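Keep in mind that the numbers below use all heavy atoms, side chains included, and drop hydrogens, waters and symmetry copies. Remember, it's a predicted structure, so these values are computed and weren't measured experimentally. In each ligand, atom 1 is the first atom listed, and ligand 1 is the first ligand listed.
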Amino acid sequence: SANYPIYSGGFSLVRSLLKKYNIKGGTFDQHFLVDAGYLDRIVAASELGPEDVVLEIGAGIGNLTERLAKKAKKVIAVELDPVLVRVLHDRFDKIENIEIIAGDALKIKLPEFDKVVSNLPYSISSEITFKLLRHKFKLGILMYQYEFAARMVSSPNCKDYSRLTVDTCYFADASILMKVPKNAFQPAPEVDSAVIKLVPRPAPFEVKDQAFFMDFVAAVFSQRRKKLRNAVLNMNHVLEIPSIKEVIAQLPEDMMSKRAENLTPEELAKVANQIIDLKTSLLANELKGQ
Ligand code: SAM
């Protein structure tokens with residue numbers, strides 16, 4: 001294992017690291033996790049073994065990176081801020097199992113990895129999560145703004161149930177592992193945070209056309225208080241369903257008279273699948289008639 005001091009044991013050691021490099025944070029969503037107790041709990045939840053390649057998005061000053069590298073085969077640390085990239089090189093260039101990638105996690109081609117463990121920059125939460133979920137990996141242990149995490153794991157008929165809940169459920173099992181208070185960070189963010197455990201798996205229900213399902217879910221949740229029938233009608237400039245009135249008349253009345261927020265992900269997938277089937281048969285009939 002790596003032979004260098006770990007900044008652990010309370011708040012003061014990570015703080016002294018921030019002081020040593022004169023890092024103030026604030027820009028680029030920089031809120032450093034200074035509480036060693038939470039850092040250790042995140043590493044424990046990652047269940048790292050010597051075969052694991054770990055991706056870390058937004059490595060900052062390396063407070064989490066150093067802990068992950070002690071347990072994993074390799075840590076690939078991505079960081080956008082050139083000042084922090086210099087800190088990471090200064091601290092870890094002699095450590096063989098830490099690779100540093102300077103760049104924007106949204107723009108770079110992500111390397112292959114087994115697990116992703118990160119205290120994410122909150123402004124890219126949604127985009128980076130769905131970028132990650134298009135890769136094959138075993139486990140994600142990811143810190144988000146608490147409200148965002150609550151929406152990821154919500155259920156139908158709850159106020160947090162949203163497009164994000166359905167999209168997350170399509171790709172992975174998600175659960176909140178712990179809530180993390182503002183004062184665990186320096187500088188403290190304005191909101192509380194939560195660590196999510198994400199386990200990718202095949203969707204637990206059939207989806208005939210993934211791109212259409214995603215568009216359909218986005219469209220009907222943009223009209224979450226409307227009955228599904230009206231939401232689909234209002235959003236057809238985006239969904240582009242041909243012969244829309246005819247199609248809607250053939251969709252199951254019990255679901256079309258409910259709101260998106262009252263339907264399970266599986267029920268939403270059923271309606272989306274039926275629309276795809278109806279579109280296909282309409283097209284076939286048109287071709288026959290030609
Ligand atoms: N890992 C450190 C920790 O746990 O204390 C820092 C976490 S801080 C919440 C988020 C980090 O992501 C910052 O270091 C910030 O510079 C970096 N960052 C922000 N946007 C980024 C992006 N698009 N790509 C990669 N890193 C980014």
Side-chain angles (χ1 to χ4, degrees), residues 6-8 10-46 54-70 72 75-92 98-111 113 115-132 135 140-149 177-196:
I6 285 217
Y7 282 80
S8 64
F11 283 71
S12 55
L13 287 163
V14 181
R15 285 211 168 112
S16 69
L17 199 55
L18 289 168
K19 204 166 165 198
K20 177 178 168 195
Y21 287 102
N22 193 25
I23 304 294
K24 300 267 183 303
T27 50
F28 297 115
D29 291 323
Q30 282 160 8
H31 301 283
F32 302 98
L33 188 54
V34 292
D35 185 321
Y38 284 108
L39 286 165
D40 290 340
R41 284 174 68 187
I42 289 171
V43 177
S46 314
V54 181
L55 175 68
E56 186 191 0
I57 309 284
I61 51 167
N63 44 342
L64 182 57
T65 323
E66 62 185 352
R67 283 170 168 75
L68 297 170
K70 283 268 178 190
V75 180
I76 305 168
V78 183
E79 176 54 55
L80 174 66
D81 183 347
V83 174
L84 298 179
V85 170
R86 272 205 300 279
V87 174
L88 292 169
H89 277 296
D90 183 37
R91 296 194 65 209
F92 302 137
I98 299 180
E99 180 186 333
I100 298 157
I101 299 181
D104 183 338
L106 292 178
K107 294 192 183 139
I108 61 168
K109 184 177 180 300
L110 293 179
F113 58 97
K115 296 182 177 176
V116 53
V117 185
S118 311
N119 176 10
L120 290 172
Y122 293 164
S123 62
I124 64 167
S125 295
S126 187
E127 253 183 289
I128 193 64
T129 303
F130 292 106
K131 179 168 177 176
L132 288 168
H135 286 253
I141 300 292
L142 300 167
M143 177 99 71
Y144 295 95
Q145 178 173 339
Y146 181 76
E147 282 71 18
F148 188 90
L177 288 184
M178 60 190 113
K179 195 169 174 177
V180 184
K182 301 171 193 152
N183 61 11
F185 301 87
Q186 181 178 319
E190 280 174 14
V191 290
D192 285 327
S193 300
V195 176
I196 285 261

For [X] against [Y], the heavy-atom pair lying closest together:
| X | Y | value |
| --- | --- | --- |
| Leu64 | Asn119 | CD2-N, 4.2 Å |
| Ala149 | Ala194 | CB-CB, 3.8 Å |
| Leu106 | Ile128 | CD2-N, 3.7 Å |

Inspect the surroundings of CD in Glu147 and state if more than 12 heavy atoms from other residues, nucleotides or ligands are less than 6.0 Å away.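 Enclosed.
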
Measuring from each atom of ligand 1, which residues have a heavy atom under 4.0 Å away?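 Around ligand 1, where the cutoff is 4.0 Å for heavy atoms, the contacting residues are Phe28, Asp29, Gln30, His31, Phe32, Leu33, Glu56, Gly58, Ala59, Gly60, Asn63, Glu79, Leu80, Asp81, Leu84, Gly103, Asp104, Ala105, Asn119, Leu120, Pro121, Ile124.
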
First locate atom OG of Ser118, then atom CD1 of Ile42, and finally report the distance between them rounded to the nearest 0.5 Å.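 One finds 9.5 Å between OG of Ser118 and CD1 of Ile42.
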
Taking Glu79 for the side chain and Gly60 for the main chain, is one N or O donor matched with an acceptor at less than 3.5 Å?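 Pair found, side chain donor or acceptor close to backbone of Gly60.
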
